[in-house]
Protein chains: 2
Amino acid sequence: MGSLKSEEALESNCTNPLNPDELRRQGHMIIDFLADYDKTIEDHPSNASTAGILGEILCSGFGVVGFSWVSSPAATELESLVMEWLGEMLKLPRPFLFSGGGGGVIHGNTCEAIICTLAAARDKMLRESGEKNITKLVVYCSDQTHCAFKKAAQVVGINARNIRAINTTKVTEFGMCPSSLKQAIATDIKEGLVPLYLCATVGTTSTSAVDPVKELCRVAEEHNVWVHVDAAYAGAACICPEYRGLIDGVELANSFSFNAHKWFLTGLDCCCLWVKDSAALRQALSSQAEYLRNKPSESKKDDRFEVVCKRNFALVCFRISPSVLSKQGLSTGYLSGDASIDNDNIKDEHTVKEPVTTTSNINDVNKRLLEEINGTGQVFMTHAVVGGVYAIRFAVGATLVQERHVRLAWKLVQGHADAILRDRP
Amino acid sequence: MGSLKSEEALESNCTNPLNPDELRRQGHMIIDFLADYDKTIEDHPSNASTAGILGEILCSGFGVVGFSWVSSPAATELESLVMEWLGEMLKLPRPFLFSGGGGGVIHGNTCEAIICTLAAARDKMLRESGEKNITKLVVYCSDQTHCAFKKAAQVVGINARNIRAINTTKVTEFGMCPSSLKQAIATDIKEGLVPLYLCATVGTTSTSAVDPVKELCRVAEEHNVWVHVDAAYAGAACICPEYRGLIDGVELANSFSFNAHKWFLTGLDCCCLWVKDSAALRQALSSQAEYLRNKPSESKKDDRFEVVCKRNFALVCFRISPSVLSKQGLSTGYLSGDASIDNDNIKDEHTVKEPVTTTSNINDVNKRLLEEINGTGQVFMTHAVVGGVYAIRFAVGATLVQERHVRLAWKLVQGHADAILRDRP
């Protein structure tokens, strides 16, 4: 096995945390170390692939921030595309694909995928049967189901007494027996409980047992029970025609997941989840925060501008001051009432190209300013609405930002403000 | 900016997904690409550090599987150690540190950290006040709190009507007003609701506003409300003495988190969470699955062994057959009843060094066999208990496994079985 060079070799006198020459020097050192390590892989435990490792390196190096479309459009589009390809390789029924009204998303692990689908199923059921029923919801698995299921059920607030682990035996090779499920559901209904969700496993953790997906789905659909098929381990194998039969019946299920970080040789964590009813998922999990909205979506002394609220750290919230426009009879933009957590008072669908008229208010002017600034591609700012005021957010804390960058950004802001204010009739 | 060589250069005729020479060739290419990219970083958006990127590369290259202590002891120990260091740097009160009875853990993001602490607070409260109260639980934040809080509350089953976003105004620079919180709590109690959890933010998303932690904690403690301090953005700054005062009062809170993937320059995702009452967290989230247990510490024709259940994929579950021992009057290990999801019928604290006597049963013999196999460090197998039978799990699906590896492992198993069976009095 190769050894990583002495600590001195990795140290440097460079205080810049992102010096390209240091990244190159130490990067090559680490690649050699990893390649040497892989030459003697039999002496060590490891489970990934060259493509998986290189992909991670690129992702780290680019500093991909994938938490919303606008923070990394390429990552989001690629995720959707790859999930569609994978779904097709698995021959998932069309309703699970984006092209069929459903769609796929990458989660860290199966527990997350189950938490999200459970929350979607729970909220859907509670909307139909009443909120008070939350204590009556029952979820089903087998005694071979991964413990992540129990944890997920606990997290979303399912009463621990309402988690049914159907016993399995050697007779069914430790697969869940549909008639046992039927009986459990019947008993629960008789007791006034509300059957909610079934987790069927293709390839259990203990023995890689296979639950009979189609038969279980038939039982579930009689009672409007959401069925999730967890094929974390065996899903990748089901791409092979000789194994695809093991997930027959998935067309009757509501969601399906498998872990690419097993036989698909990506690094941890990579759980691929597909759902049919993506609206239920969005309803349970969406939050319409103003600063997450986007259109696919400093004197710094200039009297036309004002700092909207106290600057505490490296974020400056500013706007074109209402005083500039109030002389021309424009609204100052202060709305009655404060911004709520679901702040909706600025509409994304506002047409930015309309001329600034006396009926526009100061918020619209600042919204247009932000869109023009970002349109240049030279800086990227965001916005927030606080106390009814539309503020432009300029975060100055990136790794390599120097004063000259801030000055350039400020010039850009001023230039666009000039044009917008000149543009008024 | 450097350009990644043409697709042909990245292609290879190598079908081995982990060929060390390909890893080396393509790895060096990508490091050069990233270093060139960083030379022209001003033309691109990025936020990480050399150390962060190199750490991610090592982690990917080693294929670190960090989901339990035994799957990656080094990663788990390092996580605990680093969290203790970070906690000390932040001058967190001792009850938040491992050395003080609490402790830190790395989450992907703040939403996860809030979900876990909310679930802990919820279950603690429901144990005290009764399960039916789940629909009455109320959580508090301000209209400036990150939308992850609302999502987290939805996920753990808090009624959407019971999420209170306290209004903020310019008067308090958009920080949460303690008297407004006090009033909201009083109103809820009057209406028969149960105050549960407060999320205070140090450095809000919209304007980096700071909630007055100490004053809010004082209000919360009167009503036994769990306080989480979310310092996702500003937490790193609070390491500096001149900013530490902003989290004064954290000694009265229950949990605290900040995101190292912001000013700490690690790659996404890295949210550091500390809690005082780690037992509450474990109670809400633990799942005692048999295959996750470990002591910190598989003819193949050999009639002494049997395959415990049908092999579906690349996992073989086997054991020393009870027939070998039943002739000597030992129990076959079949227990009454089937394995449940909380299978507890095999105790980890069983002393492996005791001689195999006629009172031991077949499960104990197989447990000892597994421990001796793993003790060699040459292979790593796990176990499961299904239908009361202790089975050794041999997963053969790793990337580079060839038949010779399987044969070697089998010889190892047989050798240890020889010794154990010979060892009987």
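So you know, we letter chains A, B, ... as the sequences are listed, proteins then strands, and number each from 1.
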At a heavy-atom separation under 4.5 Å, does B:Ala314 approach chain A through its side chain, its backbone, both, or neither? both

Taking B:Ala152, B:Ala209, B:Ser208, B:Ala119 one by one, which has the highest count of heavy-atom pairs under 4.5 Å against chain A? B:Ser208

Return the CG to NZ distance between A:Asn159 and B:Lys132, rounded to the nearest 0.5 Å. 9.0 Å

Contact origin within B:Leu34 toward chain A - heavy atom pairs under 4.5 Å: both

Relative to chain A, which segment of B:Lys310 carries a heavy atom at a distance below 4.5 Å: side chain, backbone, both, or neither? both

Using a 4.5 angstrom heavy-atom cutoff, name the option from A:Arg161, A:Arg122, A:Glu56 with the most pairs to chain B. A:Arg122

Less than 4.5 Å to any heavy atom of chain A: does that hold for the side chain of B:Ile115, its backbone, both, or neither? side chain

Using every non-hydrogen atom in the two residues, find where A:Gln154 and B:Gln283 come nearest and quote the distance to one decimal. NE2-O, 4.4 Å

Testing the basics here: between A:Phe174 and B:Gly387, what is the closest heavy-atom pair and its distance to 0.1 Å? CE2-N, 3.8 Å

Among residues at least two apart in sequence or on other chains, which ones pass ring-ring contact (aromatic ring centres under 6.0 Å, His included) with A:Phe313? B:Tyr233, B:Tyr243

Pick one of side chain, backbone, both or neither for A:Asn109, based on which atoms fall under 4.5 Å of a heavy atom in chain B. neither

Partner chain A: residue of B:Arg311, B:Glu112, B:Lys170 with the largest heavy-atom pair count (under 4.5 Å): B:Lys170

Any side-chain heavy atom of A:Ile31 sitting closer than 4.5 Å to one from B:Leu23? no

Out of curiosity, A:Thr135 OG1 to B:Leu126 CG, how far, rounded to the nearest 0.5 Å? 10.5 Å

If I compare all heavy atoms of A:Ser206 with all of B:Val386, which pair ends up nearest, and what's the gap? CB-CG1, 4.0 Å

So for B:Glu131, is it side chain, backbone, both, or neither that comes closer than 4.5 Å to the heavy atoms of chain A? both

Which atoms of B:Ile166 are under 4.5 Å from chain A, going by heavy atoms: the side chain, the backbone, both sets, or neither? neither

Under 4.5 Å between any side-chain heavy atoms of B:Thr207 and A:Arg393, yes or no? no

Side chain to side chain donor-acceptor pair (under 3.5 Å) with A:Arg24: which residues, sequence neighbours excluded? B:Asp32, B:Asp36

Distance col, row A:Lys150:NZ vs B:Leu285:CG, nearest 0.5 angstrom, shows 11.0 Å

Contact class of B:Asp269 relative to chain A, heavy atoms under 4.5 angstrom: neither

With a 4.5 angstrom heavy-atom cut-off, is it the side chain or the backbone of B:Ala284 that approaches chain A, or both, or neither? backbone

Roughly how far, to the nearest 0.5 Å, is the CD1 atom of A:Ile57 from the CD1 atom of B:Ile57? 4.5 Å

Could you tell me which portion of A:Ile134 (side chain, backbone, both or neither) has an atom closer than 4.5 angstrom to a non-hydrogen atom of chain B? side chain

